[in-house]
*Asks:* 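Pasting a structure here, questions to come.
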Amino acid sequence: MPKSKTKYVFVLGGVMSGLGKGIASASIGYLMKSRGLRVTIMKLDPYLNVDPGTMNPYQHGEVFVLDDGSETDLDLGHYERFIDVNMDKRNNATTGQIYQSVLDREREGDYLGQTIQIIPHITDELTRRIRAVNQPHRYDVVICEVGGTIGDIESQPFLETIRQMRLEIGRESCFVAHVTLLPYIDASEELKTKPTQHSVMKMREIGLEPDMILCRSDRAIPVSVKKKISLFCSVPQSNVVEARDVDTIYEVPLRLYKQGVGQIIAEQLQLDGKSADISKLELFIERFKNPTHELTIGLCGKYTELPDAYKSVIEAFIHSGVENDARVHIRWINTELLNSDEESEEHLGELDGILVLPGFGDRGTEGKVYCAKYARENDVPYLGICLGLQMAVVEFARNVCGLTRANSTEFNRRTPDPVIALMPSQLNVKKKGATMRLGAYDCNVSAGTKAYAAYRKKKISERHRHRYEVNNDYRKILEKRGMLFSGINPELGLAEIIELKDHPWFVMCQFHPELKSRVEKAHPLFREFVKASLNYKLAS
Ligand code: GLN
């Protein structure tokens with residue numbers, strides 16, 4: 001059997017969900033990349049939805065959109081932010097997609113009358129997808145995170161696929177990292193290893209065993225505990241790694257680096273690579289922990305109880321805070337509570353900057369209008385993202401242009417002034433899945449604007465996820481009253497970035513800048529928004 005040139009690292013999880021397998025995968029990616037290797041990361045999701053695009057953010061968190069318009073799991077956001085590689089639809093596969101393609105082929109008659117089964121047909125399709133990420137060959141290492149927890153019925157075909165692949169390509173090309181939890185029991189003052197042991201037993205039932213165990217814990221793991229895990233789970237003690245809670249997720253690669261994780265993986269996979277250079281990340285953490293300034297930004301929207309729904313926005317503030325030598329405190333503002341100027345003053349009065357979040361559905365939208373009004377009238381820096389642009393345009397139309405009943409047709413189909421409306425191409429769309437304006441679109445930025453000052457270039461590309469647009473029939477009146485259309489999509493002529501002329505920093509975009517902010521490379525609009533908010537704070 002020819003040996004595979006691509007090296008695979010599979011990241012599995014045991015004990016329970018939510019242990020940060022995504023961060024672990026992204027961190028291993030960072031370590032591999034810092035050794036000069038070319039790396040990509042993919043995620044296999046066990047659910048039956050074809051993609052998370054239609055899933056409730058309460059259940060699933062943010063939908064992360066890629067350049068090619070695919071709507072993916074939020075872990076893809078971590079991958080891109082950590083390793084600074086643009087991913088595409090091949091980097092995320094769900095059980096729903098796997099079954100859909102196998103069943104489509106069955107209907108086409110491709111299987112020539114065979115009985116279609118989980119093994120080999122589903123597992124073969126899984127193997128094909130895992131390999132497809134590196135076709136044509138561009139990467140030295142493919143990291144593959146498997147969603148779900150060992151023992152879940154849904155994950156079984158994934159584990160079987162990894163077992164088969166490992167058999168085929170050998171341990172020198174296939175590394176299995178297992179993320180588990182060591183709970184601390186107060187009464188006995190002990191970190192317990194039994195759940196980890198059990199999850200490894202469960203893994204063995206299918207014929208797999210880990211090469212490394214990453215143990216999440218809230219405290220240092222004593223050597224005796226590591227020894228025990230090593231003995232019961234058959235991994236060398238050096239490969240029992242402490243993954244302690246940290247102040248910022250960007251510290252995880254550093255902690256893993258210090259325990260030799262990159263080196264251990266590189267050795268088993270016989271990867272030459274240089275020794276790792278992580279000095280930039282060290283500097284980033286140092287600046288994150290010791291900022292000169294502090295400021296508070298309000299994140300205004302409706303899913304404010306569930307920060308995972310806006311994961312990328314929160315991360316973008318970490319990146320842009322560090323670049324401004326500032327700690328950005330986030331205050332969640334539920335816009336359903338804003339129904340008057342007085343309530344705006346009460347909830348927004350102490351903020352240094354106001355960000356109105358993206359969203360769907362009309363709950364809390366009138367409160368977003370109040371946020372935009374407050375920022376405009378009080379010279380508070382404002383960043384509006386997608387719905388945050390749309391509601392600020394509604395506000396401006398109503399209160400500055402005198403179109404008092406202006407609205408988005410998403411919220412009032414019969415408004416006399418539909419300043420935000422559907423594009424003709426959206427009018428007859430009935431299906432919900434993957435039918436929005438999705439993914440990367442070009443934008444021409446006008447010189448001499450705040451947008452230009454941020455990007456410092458005229459041609460940019462940003463990611464979208466929405467149906468409604470600024471109605472160009474209203475562009476003239478909006479411009480006449482002081483809006484500046486500073487970014488335009490050249491093919492469709494649609495507004496991408498709008499700003500207010502007579503305001504220190506009021507910038508809004510129809511796209512999602514948060515999806516392209518990366519560690520050590522903050523997004524220009526977030527960076528400038530934080531800078532403007534800091535200036536506002538220092539001046540007041
Ligand atoms: N609901 C709006 C639209 O579909 C905004 C979407 C968003 O904020 N992502 O256009």
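Hydrogens, waters and symmetry mates play no part in the numbers below; they use all other heavy atoms, side chains included.
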*Asks:* Within 45° of the ring axis of Phe288 and under 6.0 Å from its six-membered ring centre, is that where the NZ or CZ of Arg327 lies?
*Replies:* yes

*Asks:* Taking Glu496 first and then Arg437, would you say they form a salt bridge - that is, a charged N and a carboxylate O separated by under 4.0 Å?
*Replies:* yes

*Asks:* Would you find more than 12 non-hydrogen atoms of other residues, nucleotides or ligands less than 6.0 Å from Gln135 atom CD?
*Replies:* yes

*Asks:* Going by distance alone, is a donor N or O of one side chain under 3.5 Å from an acceptor N or O of the other, for Glu145 and Tyr79?
*Replies:* yes

*Asks:* May I have all residue pairs that pass ring-ring contact (aromatic ring centres under 6.0 Å, His included) and include part of residues 438-461, sequence neighbours excluded?
*Replies:* Tyr441-His464, Tyr455-His523

*Asks:* Above 12 or not: heavy atoms from other molecules or residues under 6.0 Å from CG of Asn290?
*Replies:* yes

*Asks:* So, are Lys302 and Glu336 salt-bridged, with charged N and O less than 4.0 Å apart?
*Replies:* no

*Asks:* May I ask you to decide whether Lys89 forms a salt bridge with Asp68, counting only side-chain N to carboxylate O separations under 4.0 Å?
*Replies:* no

*Asks:* Is a donor from one side chain sitting under 3.5 angstrom from an acceptor on the other, for Tyr474 and Asp417?
*Replies:* yes

*Asks:* Could Glu366 and Arg398 be called an ion pair, given the rule that one side-chain N must be under 4.0 Å from one carboxylate O?
*Replies:* yes

*Asks:* Do His319 and Tyr250 have their ring centres less than 6.0 Å from each other?
*Replies:* yes

*Asks:* With no hydrogens and no angle check, just 3.5 Å: does a side-chain donor-acceptor pair link Glu154 and Tyr47?
*Replies:* no

*Asks:* Okay, side chain of Asn489, backbone of Leu492: is any donor-acceptor separation there less than 3.5 Å?
*Replies:* yes

*Asks:* Are side-chain N/O atoms of Thr40 and Arg90 paired as donor and acceptor at under 3.5 Å?
*Replies:* no

*Asks:* Does the ring center of Trp505 lie less than 6.0 Å from the ring center of Phe529?
*Replies:* yes

